[in-house]
Amino acid sequence: MEKYNPAEIEIKWQKIWEERKVFKAKDFNNSKPKFYQLEMFPYPSGRIHMGHVRNYSIGDAIARYKMAKGYNVLHPMGFDAFGLPAENAAINNNTHPAKWTYSNIDYMVKELKRLGFSYDWDRLVATCDSDYYKWEQKVFIEMFEKGMVYRSKSTVNYCPSCKTVLANEQVEDGKCWRCGSEVIQKDMDEWFLKITDYADQLLDDMKLIEDGWPERVLIQQRNWIGKSKGAFVKFKVKGKDDYLEVFTTRPDTLFGVTFISIAPNHPKLAELASEEYKDKLEAFVKEFNKSGRDFSKEKEGVFTGVYLINPVNGKEVPLYAANFVLMDYGTGVVMAVPGHDQRDFEFAKKYNLPIKKVIHTDGLSDNVDEWIEAYAESGVLVNSEQFSGMDNEKAKWEIVKWLEVKGLARIGYQYRLRDWNVSRQRYWGAPIPVIYCPNCGIVPEKIENLPVKLPEDVEITGEGGSPLAKVENFVNTKCPICGADAKRETDTFDTFIESSWYFLRYCSPKYDKDIFDKDKVKYWMNVDQYVGGIEHAVMHLLYARYFTKVLRDLGYVDSTEPFQRLLTQGMVIKDGAKMSKSKGNVVDPDDIINQYGADTARLFILFAAPPEKDLEWSDDGVEGAYRFLNRLWRLIYSYKDLRSGDVDISTDRLRDLNYHINYTIKRVTDDFEAYHFNTTIAACMEFVNYLYDFNPKNKDEQKLYAKALEVLLKLLNPIVPHIAEELWSLMGHNTLLVEEKWPEYDEKSTIKDTTVIAITVNGKLRDTIEFPRGSGESEVFEKAIESPRVKRHLDGKDIVKKIFVKDKLLNIVVK
RNA sequence: GCCGGGGUGGCGGAAUUGGUAGACGCAAGGGACUUAAAAUCCCUUGGAGCUAUGCUCCGUGUGGGUUCGAUUCCCACCCUCGGCACCA
């Protein structure tokens with residue numbers, strides 16, 4: 001018998017699939033429904049890792065299943081090709097980022113091809129191609145013209161090691177997400193996309209996708225957007241015709257305000273502060289600017305010499321500059337209620353400021369000196385004049401209503417979400433297409449001049465600002481409006497921009513008249529199934545949702561939400577930790593493919609755990625997967641000359657075989673629909689075990705047996721396509737298995753005509769007895785009490801009642 | 001601190017709407033084949049106990065509850081893994 005030789009057959013079939021273009025997605029096929037299967041594209045770091053293998057094996061199983069189910073499938077792949085590692089490689093190895101990136105792409109494409117994934121390679125996209133990024137430059141200019149972007153000096157997170165600005169999402173525990181260095185605060189001119197204008201849409205449109213997305217991803221995004229309802233309240237400045245506005249979610253505690261806190265970098269602070277406190281204040285602000293927001297730091301502040309008037313009772317309260325007040329949330333001014341807010345409580349204790357109780361609950365002392373912490377929960381108002389006695393939830397809006405009439409308050413909302421800073425002081429990214437003219441100011445590049453290409457001759461040292469600033473013939477240009485000598489913007493886009501629309505580009509990847517062919521996008525969008533890592537729950541997935549809405553509002557797409565369904569796969573773990581070079585627990589997919597073949601790698605990865613869960617790598621498990629494929633090979637090889645045909649199901653053996661065929665199709669189909677690949681595979685393994693036992697003896701049995709083998713190959717095809725295709729052809733087929741239809745099952749044949757009924761006494765299993773399907777209670781009961789195993793638990797006891805579940809269970813309750 | 005997952009054999013994991021817990025695989029043990037080994041095939045395998053070829057009890061993180069019956073539903077708690085973290 002010929003041996004299973006994965007190395008040989010995998011290359012063979014990959015070639016045939018490619019030659020016959022079986023994975024080419026056909027734009028506009030009216031005879032089939034479309035299915036857009038997408039996996040998160042990789043960064044071309046050099047090699048595919050196990051996380052990719054998992055991600056793409058899941059996606060491929062879905063894509064191939066949908067093909068068999070009769071869908072016109074779009075299954076593309078590309079590379080998220082801009083980013084920092086290319087520059088680091090340039091510094092370390094003295095290679096150009098472009099060269100490094102493209103050679104990595106070449107290698108990784110080979111690796112992906114070796115895994116046999118069903119991509120339409122004609123649609124390959126690399127985001128560092130100017131044919132790609134020119135379109136986001138165009139979109140940016142249109143956003144600029146519509147006021148959807150702005151330039152602003154702001155305090156930003158800056159990584160001194162990467163020498164670049166980071167988005168909030170790119171800061172983890174105060175450290176750079178990429179290199180782990182301590183992030184510092186810096187004021188810079190940056191470009192922002194007004195994602196906050198879309199905050200409500202991003203929240204509301206979740207209802208369009210909530211059926212297809214994991215709940216926890218939506219919850220994470222909801223928390224990230226962080227919408228809170230509250231009130232803006234005006235506090236008049238004593239002795240001046242001016243006021244400060246605060247945002248609060250607790251207007252019910254307004255009578256408990258004993259001071260006001262203001263951010264040290266608030267623009268009005270210097271102007272307001274009284275002369276005698278200015279020196280101390282300036283010193284404090286200086287110190288604050290140096291250290292920035294230090295989360296671990298104790299709450300500190302200084303008095304400004306200013307008093308404000310509390311609008312609810314006219315009382316004067318002091319204004320303090322405080323280091324814990326954020327300038328970019330709310331108004332940068334906070335009303336302090338030390339009795340009912342822990343931060344204010346700590347601050348008041350430190351600076352001996354009064355604490356006032358305005359919310360009461362059972363057991364809460366009236367003597368605030370006894371308090372060791374603020375009471376921040378709900379309760380009933382006290383010491384609040386006409387509102388005393390009112391439930392605090394109700395009082396919140398009653399007090400606002402009352403102040404609103406006097407023009408001193410209004411209901412409002414605040415978001416935790418900040419605008420998206422897209423400026424990066426890096427070389428390897430898409431240039432921001434803007435020109436600074438001494439006469440005309442900030443001017444976008446003309447659309448017809450796009451792309452603003454990245455210059456190739458650049459010296460990358462990794463030190464100091466943007467490398468583009470040193471490229472004279474890039475920086476120096478003419479103003480598109482007045483023609484005067486002007487300077488180009490030297491920052492490049494955050495690479496999250498590229499990944500916010502690549503799935504649209506796949507629909508018409510070579511289209512050169514615009515960002516994409518609208519009709520094709522209309523045909524293919526939305527993505528029916530998106531598969532990727534949970535680590536992108538917020539950043540990438542939120543940006544992509546936002547960008548799609550922007551493109552919709554610019555008239556490019558009809559979609560409001562790009563991804564109809566989302567599957568977030570778990571990490572690949574080894575020895576209890578995520579695979580990483582630093583931990584030395586990396587398993588290289590190339591090694592596994594060399595040793596066992598792609599099918600084994602795919603089978604193991606899909607079998608070892610359900611997709612959403614973390615997957616523990618196991619060398620023994622891989623061995624087991626390989627063993628199964630050999631077992632499959634031997635089974636089919638030894639019966640490869642049998643031919644299937646119509647059979648009259650006339651004997652018990654034929655009936656049983658037929659039942660197993662149909663039952664297995666049903667199980668596998670149902671589990672595929674639910675993406676439970678691990679149980680899909682288990683069902684196939686059980687089927688194989690059954691078929692090993694069967695031994696077809698006559699013509700009819702052989703015909704039906706051959707059918708069983710064909711069904712088995714069709715069921716396994718989405719998971720282990722190479723071996724399945726080879727065995728299919730060994731069975732004498734000259735069609736391609738990949739083009740075969742998914743097998744259908746006959747519902748009636750998935751049910752046996754007998755069933756095993758559990759006999760329990762007081763809920764405890766005592767026996768299992770086989771009955772014809774549909775047997776009645778009395779019939780089952782009569783048989784059951786004959787069983788000695790049941791009988792012995794009934795003896796000497798009264799039968800109180802019987803619970804009968806048809807075809808399943810009889811519970812006899814005794815006393 | 002807040003939000004959200006998750007706790008099932010030695011291990012990865014199965015178990016429709018509450019109805020036979022542990023499918024499938026791994027590991028382990030035993031046997032067959034072989035001069036031998038590998039490969040393969042077959043059997044056993046949650047724990048404890050006993051008057052052992054069968055039977056009893058216990059068992060899905062812990063303690064309660066609802067129910068004829070709970071891995072599944074309810075309450076309280078413990079552990080663990082993610083996310084957010086001075087957001088007023």
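Chain letters run A, B, ... following the sequence lines, proteins first and then strands; every chain starts at 1.
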Which one is paired to [N], where only Watson-Crick or G-U wobble pairs with both distances under 3.5 angstrom count?
N	result
B:A76	B:U62
B:U34	none
B:A21	none
B:A28	B:U44
B:G4	B:C81
B:A52	none

* Asked: Do the two ring centres, one from A:F687 and one from A:Y663, sit under 6.0 Å apart?
  -> no

* Asked: A:F628 and A:F607: aromatic ring centres closer than 6.0 Å?
  ->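 No, the ring of A:F628 stays outside the 6.0 Å limit from the ring of A:F607, centre to centre.
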
* Flag, side chain of A:H340 to backbone of A:V358, donor-acceptor distance under 3.5 Å ->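 Judged by distance alone, yes, a pair lies under 3.5 Å.
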
Look at the side-chain N and O atoms of [X] and state whether any lies under 4.0 Å from the OP1 or OP2 oxygen of [N].
X	N	answer
A:R631	B:G25	no
A:K801	B:C68	yes
A:N689	B:G25	yes
A:H793	B:U56	yes
A:R634	B:C41	yes
A:R792	B:U56	yes
A:R416	B:A85	yes

Taking the [atom1] atom of each, how far is [N] from [M], in whole Å?
N	M	atom1	answer
B:A15	B:G9	C1'	15 Å
B:U80	B:C86	C1'	27 Å
B:G7	B:C26	P	24 Å
B:U72	B:U60	C1'	10 Å

Any base atoms under 4.0 Å from [X], or only sugar-phosphate, or nothing? Heavy atoms, all strands.
X	answer
A:S228	sugar-phosphate
A:V246	nothing
A:N811	base
A:L809	base
A:R766	sugar-phosphate
A:T248	sugar-phosphate
A:V337	nothing
A:V813	sugar-phosphate

* Asked: In this structure, are over 12 heavy atoms from other groups packed under 6.0 Å from A:K229 atom NZ?
  ->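 Above 12, so yes.
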
* **Residues, nucleotides or ligands: over 12 heavy atoms within 6.0 Å of A:K268 NZ** =>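 Result for NZ/A:K268: enclosed.
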
* To do: Take A:A683 and A:I534, find for each the nucleotide of RNA chain B with the closest heavy atom, and name the residue whose nucleotide sits nearer the 5' end.
  => A:A683

* Can you tell me how far the CD atom of A:E777 sits from the CZ atom of A:F804, to the nearest 0.5 Å? ->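 Reported to 0.5 Å precision, the distance equals 6.5 Å.
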
Any protein N or O atoms within reach of nucleotides 58-60 of chain B? Criterion: under 3.5 Å, listing atom names and distances.
residue	atom	partner	partner atom	Å
B:C58	OP2	A:K764	NZ	3.0

* Asked: Only one of A:L566, A:L218, A:V217 forms a side-chain contact (heavy atoms from CB on, under 4.5 Å) with A:I209, so which one is it?
  -> A:L218

Any protein N or O atoms within reach of nucleotides 8-15 of chain B? Criterion: under 3.5 Å, listing atom names and distances.
residue	atom	partner	partner atom	Å
B:G12	O2'	A:A608	O	2.4
B:G13	O3'	A:N678	ND2	3.3
B:A14	OP1	A:N678	ND2	3.0

* A:Y4 OH - B:U40 P separation (whole Å) ->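 Rounded to whole Å, this separation is 14 Å.
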
* Asked: So does A:K299 reach the base of B:C86 with its side chain, donor to acceptor, closer than 3.5 Å?
  -> yes

* **Basic-acidic side-chain contact under 4.0 Å: A:D341, A:R250** => no

* Asked: Could you walk me through whether A:W617 and A:D619 pass the side chain to side chain donor-acceptor pair (under 3.5 Å) check?
  -> CA-CA 7 Å; A:W617 186 264; A:D619 291 332; 3.0 Å; yes

* **Residue A:V756, side-chain heavy atoms: nucleotide from B:U20, B:C3, B:C24 that is nearest** => B:U20

* To do: Pull up the glycosidic torsion of B:G63 and say syn or anti, syn being anything within 90° of 0.
  => anti

* For B:A52, does the O4'-C1'-N9-C4 (purine) or O4'-C1'-N1-C2 (pyrimidine) torsion place it in syn, i.e. within 90° of 0, or in anti? ->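 Glycosidic conformation of B:A52: syn.
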
* Asked: Is there a donor-acceptor contact under 3.5 Å linking the side chains of A:T755 and A:D807?
  -> no

Please produce a list of atom pairs where a protein N or O lies less than 3.5 Å from an N or O of nucleotides 26-29 of chain B.
residue	atom	partner	partner atom	Å
B:C26	OP1	A:R627	NE	3.3
B:C26	OP1	A:R627	NH2	2.9
B:A27	OP2	A:R627	NH2	3.2

